[in-house]
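Scroll down for the structure; my scribbles are underneath it.
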Amino acid sequence: MPATVRANRDVLTRVLAHVSEDEVVALTQRLVRIPSVFRPDDPDANEAAVAHVVAEWLHAEGLAVLVEQVAPGRPNVVAWLEGAPGGPTLVLEGHTDVVTEGDARAWRHGPWSGVLEDGRLYGRGAADMKGGLAAAMAAAAALKRAGVRLGGTLVVAALVDEEAGMTGARQFVRTPLGRAMDAAIICEPEQNELCLEQKGVFWARVTIHGRMAHGAMPYAGVNPIAAAGAFLGALPRLERRVGRGVPRSRFLGRPHITPTRCRAPLDGVAQDNVIPSRAGLVLDVRLTPGLAAETVRAALDGLARDVEARQPGIKVEVETVAPPRPPTKTPRNAAVVRALGWAVSAVTGRRPRFGGVPGSTDGTIFVAERGIPIVTFGPGNRQVPHQVDEHVEVTELVEAARCYAAAALRFLGAS
Ligand SMILES: [Zn+2]
């Protein structure tokens with residue numbers, strides 16, 4: 001065994017002694033019990049309170065902490081352990097916002113209760129992702145408590161607005177620490193699998209313009225609803241054609257083009273005897289590695305022209321709602337992947353399991369803006385986020401904290 005590995009294992013044992021289950025659980029409960037759903041019409045419904053606790057906790061542990069407002073009441077918290085100058089920078093990333101609890105009465109335990117039952121911690125954000133964030137915080141604190149001098153800088157980034165515009169991540173990548181990062185571990189719930197691939201996404205708004213008329217005299221107008229039907233009917237074939245052009249991903253399968261909204265009329269009151277002037281569709285487009293957003297856009301534009309050609313008087317407009325987030329794929333031999341794989345083996349004694357991220361995370365912004373390798377790895381079943389009775393397994397939670405500490409040690413080195 002090389003000397004550096006032996007040294008790392010010795011230091012690792014010392015560091016892991018500073019990760020306690022009770023503490024990681026208590027910290028997760030504390031974060032879960034602070035609601036942080038963002039509601040634009042309520043000045044108190046944001047990430048401010050939970051970000052404050054994250055900043056105070058990390059500061060008390062001796063990390064340098066920066067709190068940067070992204071929008072009113074929406075602060076990014078960025079904390080770091082300074083290592084040897086000139087060394088690499090590794091980011092452990094999490095987000096402080098959570099999605100709505102929905103109907104609170106439908107939960108077996110209150111969504112903000114943080115109740116522990118049969119080895120599971122319940123609450124909105126338990127998995128997505130206050131558990132992962134608490135694990136990252138505990139990992140950084142353990143390295144500090146063990147007195148390890150890292151060979152580079154370890155950053156814990158607790159960012160806002162992941163569930164919507166990802167403005168927290170967009171701001172972070174433009175800061176000096178964001179610009180300095182060499183790799184990142186995204187601490188989202190992936191049942192502690194190393195996820196090297198994640199889907200990209202964009203939303204397309206399709207507006208179909210026709211001409212308003214009396215329902216009794218359809219020949220006097222141009223019906224945009226019929227054209228919308230033709231457009232929707234052609235989508236499955238288009239989806240298959242686009243998918244054939246890219247290698248099938250073992251973890252993510254094929255790309256998807258899914259209609260999620262369909263509306264007519266777009267303006268005015270809906271009436272049973274009126275052909276409206278416009279109909280609207282929204283398509284949720286999920287990209288797998290190897291498929292560019294532009295390729296799908298071009299195919300949708302082609303379909304729009306086909307529909308127009310078949311129905312004189314119809315005009316079909318396709319717009320992309322926000323800039324596309326491209327899919328990501330990190331090579332297996334990237335240093336951060338090897339470090340985390342080593343960490344999983346060292347901490348759990350089993351071989352690392354690999355997986356893929358079906359949704360899209362702040363990591364897509366890191367890759368698009370900084371081109372760095374990322375791995376998504378965190379506690380919590382990937383199916384439970386955004387559902388009632390969201391929870392995280394305590395064993396996975398503690399394992400994640402240990403793996404983050406070990407990966408940081410391995411990636412950055414210690415002196
Ligand atoms: Zn999340």
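Both ligands and their constituent atoms are indexed starting at 1 by order of listing. Quick caveat: nothing in here was measured; it's all calculated off a predicted structure.
Within 6.0 Å of CZ on R353 lie more than 12 heavy atoms contributed by other residues, nucleotides or ligands.
Among the backbone and side-chain atoms of D128, an N/O/S atom is found under 2.8 Å from the Zn ion (ligand 1). Counting backbone and side-chain atoms alike, E162 contributes no N/O/S atom closer than 2.8 Å to the Zn ion (ligand 1).
Per residue E188, closest N, O or S atom to the Zn ion (ligand 1): atom name OE1.
Relative to the ring axis of F354, R332 places its NZ or CZ within 45° and under 6.0 Å from the centre.
Among all heavy-atom pairs drawn from L143 and L150, the shortest one is CD2-CD2, 4.3 Å. The minimum heavy-atom distance between T89 and A180, with the atom names listed, is CB-O, 3.6 Å.
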